[in-house]
J.: 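Starting off with a structure, shown below.
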Amino acid sequence: MKTLTAAALCVAMALGLCYRAEATAAFDLLRQSAVSYTGSLPCGGWDCECAFRRQQSCCCVAQPLFELEEATFIRMVGLWEGLSHLNSQIEELTAGCKIAFTAAMLPMSGCLGPFTSNVSISYQSVSLNQGNGYNPALGIFTAPHAGLYSFSFTAYSSVGRAGQRLYQKAQLMKNGQLMASSWEDNREDSEDSSSQTVLLQLRQGCQVYVELLSGRQLCGDTQGQNTFSGYLVYPVSEL
Ligand SMILES: *[C@@H]1O[C@H](CO)[C@@H](O)[C@H](O)[C@H]1NC(C)=O
């Protein structure tokens, strides 16, 4: 009987009577026997009714395999659920979160100001407005999503001749509160520029803009040197 031959070979191997080459030959023999076996299985099916009842043989391995398959399937379903939950969280967090704008003042020959009150500067030449947070008519950025934002502005002025007073002050505002400012007040320079970059935490709907202070002016910007830009560094679900 082939099964008995195989079992005998295995016992011999277990006793250390076979060398490696002989063991390989024995496995080959086992494999060939299994493949060429045409009779009915001693267990009558995949149900552990084997000649050696508790041995994990060709028959007995069926049940553990089914269990493993079941466990793997359940684990995969769990992983899939976890993954789709994570996916929807990411989508929720990043929904509409490509937010960035760049705007410059339109070229002008004269001056903006002076005015009798602080006036928000409308940077009307918009080269980027992802997420449509920036309103060029008002010069106001309204946060479409809560998060950490970066804002920059440059205030440039040229009064033309030396001896004329360079008198500029611009300030970055968040909902009416001063966040950053830059200024120049002298008669030595006829032109100058200054910049500010700040990181601000904004709630959705927060408004950020640059003001020109009352009594101050920005002059001679012919090439759009006065710019205002901002972008979302990262979103938060709510502050
Ligand atoms: C204009 O801004 C200046 C400087 O931040 C501030 O002192 C002043 O109160 C502001 N004026 C008004 C009317 O808000």
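Indexing begins at 1, ligand by ligand and atom by atom, following the structure's order. Start at 1 with the first residue, then count along the sequence.
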J.: Specify the protein heavy atom at minimum distance from atom 4 (C) of ligand 1: its residue, its atom name, and the distance to 0.1 Å.
T.: Gln171 OE1, 3.4 Å
J.: Could you report the tightest heavy-atom contact between Gln168 and Ala155, atom names first, then the distance?
T.: NE2-O, 3.2 Å
J.: May I ask you to check whether Glu211 has an N/O atom sitting below 3.5 Å from an N/O atom of ligand 1?
T.: no
J.: Treating Lys174 as the side-chain partner and Gln201 as the backbone partner, does any N or O pair qualify as donor plus acceptor under 3.5 Å?
T.: yes
J.: In the protein, which heavy atom is nearest to atom 11 (N) of ligand 1, and how far is it?
T.: Asn118 ND2, 2.9 Å
J.: Are any non-hydrogen protein atoms located under 4.0 Å from atom 14 (O) of ligand 1?
T.: yes
J.: Side-chain donor-acceptor pair under 3.5 Å between Thr102 and Ser229, yes or no?
T.: no
J.: For the pair Tyr134 and Phe228, name the ring-plane relationship: parallel under 30°, tilted 30 to 60°, perpendicular over 60°.
T.: perpendicular
